[in-house]
Amino acid sequence: MNPLAFLLGPIQFELTQRALVEATLVSVACGVLGVLVVQRGLSFISDALSHCVVPGVVAAFLTHANRELGGTISALIAAWAMLLLRRRGALGSDPSIAVVFTTMFAFGLALISATGSYLNDLTEILFGAILATSPGELLASGAVATVVLAGTVALFWPLVLVSFDPVAARAQGLPVDRIELAFYGLLALAVVSGLVAVGSMLVTGLLIVPATTARILARRVATQMVVSGLIGCVASWIGLYTSYYLRIASGGAIVLAAALIFAVALLAAPRQGIVARLLHRPRRTETVTA
Amino acid sequence: MSARTTAGLHVERLTVMYGPHLALDDACLTCERGQVVGLLGPNGSGKSTLLKAVLGLTRMQNGRITLDGAPLDRRARARIAYTPQRNEVDWSFPITVEEVVVLGRQGLRGLFGRPHRSDWRIAWEALDQLGIGELRRRQIGELSAGQQQRVFIARALAQDGDVLLLDEPLTGVDAQTQTIVLHMLTELRRRGRAVLVTTHDLTLAGEICDCVCLLNTRVIALGAPAHVLTPRALLETFGGDGAVRLLEGMAEIDPPDAAEPRYASGGTPARRSSGSATR
């Protein structure tokens with residue numbers, strides 16, 4: 001097949017065009033916000049949140065309401081509960097998060113098992129169905145991704161300060177609690193935006209994998225955000241093309257593409273890559289014998 | 001504003017409890033503009049708690065803190081700059097030195113504010129003043145402890161506050177940093193800032209501070225260093241062993257007939273790290 005035909009193949013259908021735009025928006029938004037998630041060691045919380053959206057999405061499914069709205073409400077409730085437990089809970093952070101997310105996920109499963117098309121609906125929620133989603137749903141999910149991106153850019157400096165040195169942020173009179181709440185809100189929205197593209201199980205991959213890759217490649221937060229967003233974008237395109245030509249699940253393909261980019265960066269990054277480290281390892285024995 | 005002269009920071013009858021534990025008991029302290037006040041006490045004596053109370057980071061059971069006669073609210077707190085202790089910061093954070101310093105001005109810029117060109121210029125000037133202007137594009141974690149300490153003092157300078165709170169600025173830093181920080185303290189005094197500094201270092205307290213406060217949950221002594229730094233008061237503050245170690249550390253710093261000159265110019269260690277005083 002000639003390259004042009006290869007590239008244009010998926011684009012000739014309106015369905016795949018929409019999917020490409022949607023996947024790009026979502027992976028860029030998740031990639032950008034993911035840098036702060038990774039740096040703050042919140043991978044577990046983001047994974048937990050992705051389980052927590054399930055009951056809201058199912059409830060929306062059952063009542064024919066907007067999926068994003070349902071997911072957002074249930075993620076925000078969970079995020080708020082986690083933040084509260086982290087602050088006040090005597091349990092410690094990890095178990096409190098685990099209790100919240102398993103409970104909510106179990107509730108979601110119980111809800112969805114009451115529907116007639118149990119397996120189909122479950123698959124779609126857990127693993128996404130970007131090619132089988134209505135234009136309206138795609139629009140909603142794209143809008144959510146845009147909000148995440150805009151919010152992260154608008155709050156960039158306060159978010160950096162609160163992540164790096166929360167005591168200084170508070171001492172300077174910044175509303176740290178509200179900034180934290182906004183951050184968790186953005187995280188919840190990012191998770192919701194990824195539902196259609198890759199499903200709730202894999203959205204953590206979009207948040208964490210490109211950001212971790214960017215961490216190997218760049219040194220400043222802002223640069224890492226740009227790199228992470230770009231990786232997310234490239235991964236979503238590679239993933240969707242692979243999914244189109246090899247007929248595999250799009251969500252899995254996108255996250256696999258991101259993981260592939262990560263593996264390449266891990267090996268070949270200029271400074272922190274495994275190869276670069278091996279090459280620049282101090283040759284102690286040689287200098288001693290010389 | 002009250003009628004009496006109240007320029008500077010006033011802490012009145014401050015009491016702080018952590019659960020059942022009494023961290024500060026009825027502490028009073030004044031730090032006027034153009035004054036460097038040293039806060040001395042053993043670990044857990046409430047030095048950091050006092051700074052945190054001034055910054056509004058801890059709940060006071062009792063007491064009143066005023067700046068230039070007015071009670072501290074969130075806006076007034078933006079005029080107080082502060083350097084953190086080492087363990088409060090995420091050193092692996094992908095942030096450059098100049099970004100750390102410019103973030104000292106975020107409180108002035110507000111929630112959605114971004115650093116203006118003038119903010120970057122102020123940040124660079126502060127870094128130059130501390131002799132680390134050429135490190136401005138380095139990642140904060142790549143610097144030595146002394147350089148990191150200077151970055152945070154530069155951040156406090158960039159914030160351009162009327163009051164500076166420095167938490168152990170000389171602990172674990174190199175000789176060059178000590179010299180620069182001490183110079184900075186006198187410079188800040190000259191500019192009419194009120195500087196409150198916690199330290200273990202008796203030499204710093206004796207040489208630089210206009211006023212010393214010996215603290216061990218309550219204020220044990222407060223006044224000019226010559227009057228306050230008496231063996232008796234130190235004994236009461238630090239206990240027997242602690243006071244002896246402190247005084248020994250001081251003797252080691254300035255020996256009458258040392259074999260090698262300790263105040264050598266250039267890069268050689270001019271003073272021992274203040275950590276040795278508490279060893």
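In what follows, every heavy atom counts, from backbone to side chain, and hydrogens, waters and symmetry copies are set aside. Everything numeric in this text was worked out from a predicted model, so none of it was measured. Every chain is numbered from 1, with letters handed out A, B, ... down the list of sequences.
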Under 6.0 Å from the CH2 atom of A/Trp80, do we count more than 12 heavy atoms belonging to anything else shown? no
In this structure, are over 12 heavy atoms from other groups packed under 6.0 Å from B/Arg13 atom CZ? no
Give, as side chain, backbone, both or neither, the part of [X] having an atom under 4.5 angstrom from any heavy atom of chain A.
X        : value
B/Val102 : side chain
B/Arg105 : backbone
B/Thr83  : neither

Considering non-hydrogen atoms only, spot the tightest contact between A/Ser163 and B/Phe93 and give its length. CB-CE1, 3.5 Å
Nearest heavy-atom neighbours spanning A/Ala171 and B/Leu57: N-CD2, 4.1 Å
Are there residues of residues 34-43 of chain B that reach to under 4.5 Å of chain A by heavy atoms, and which ones? none
Give me the contact list for residues 139-146 of chain B versus chain A, heavy atoms only, anything under 4.5 Å, ordered by residue number. B/Gln139, B/Ile140, B/Glu142
Against chain B, label [X] side chain, backbone, both or neither, depending on which of its atoms sit under 4.5 Å from a heavy atom there.
X        : result
A/Leu36  : side chain
A/Val160 : both
A/Arg178 : side chain
A/Gln39  : both
A/Val153 : both

Contact leader toward chain A among B/Gln159, B/Gln106, B/Arg137, where contacts are heavy-atom pairs under 4.5 Å: B/Gln106
Pairs meeting criterion salt bridge (charged side-chain N to carboxylate O under 4.0 Å, His left out) with involvement of residues 146-157 of chain A, two or more places apart: none
For B/Ile180, which residues count as a side chain to side chain contact (heavy atoms under 4.5 Å, CB included) partner, sequence neighbours excluded? B/Leu130, B/Arg150, B/Gln176
To the nearest 0.5 Å, atom CZ of B/Phe112 lies from atom CZ of A/Phe156 at 15.0 Å
At what distance, to the nearest 0.5 angstrom, does CZ of B/Arg77 lie from CZ of A/Arg170? 11.5 Å
For the backbone of B/Leu103 and the side chain of A/Gln172, can you confirm whether one donor and one acceptor N or O come within less than 3.5 Å of each other? yes
Side chains of B/Ser92 and A/Arg215: closer than 4.5 Å at any heavy-atom pair? yes
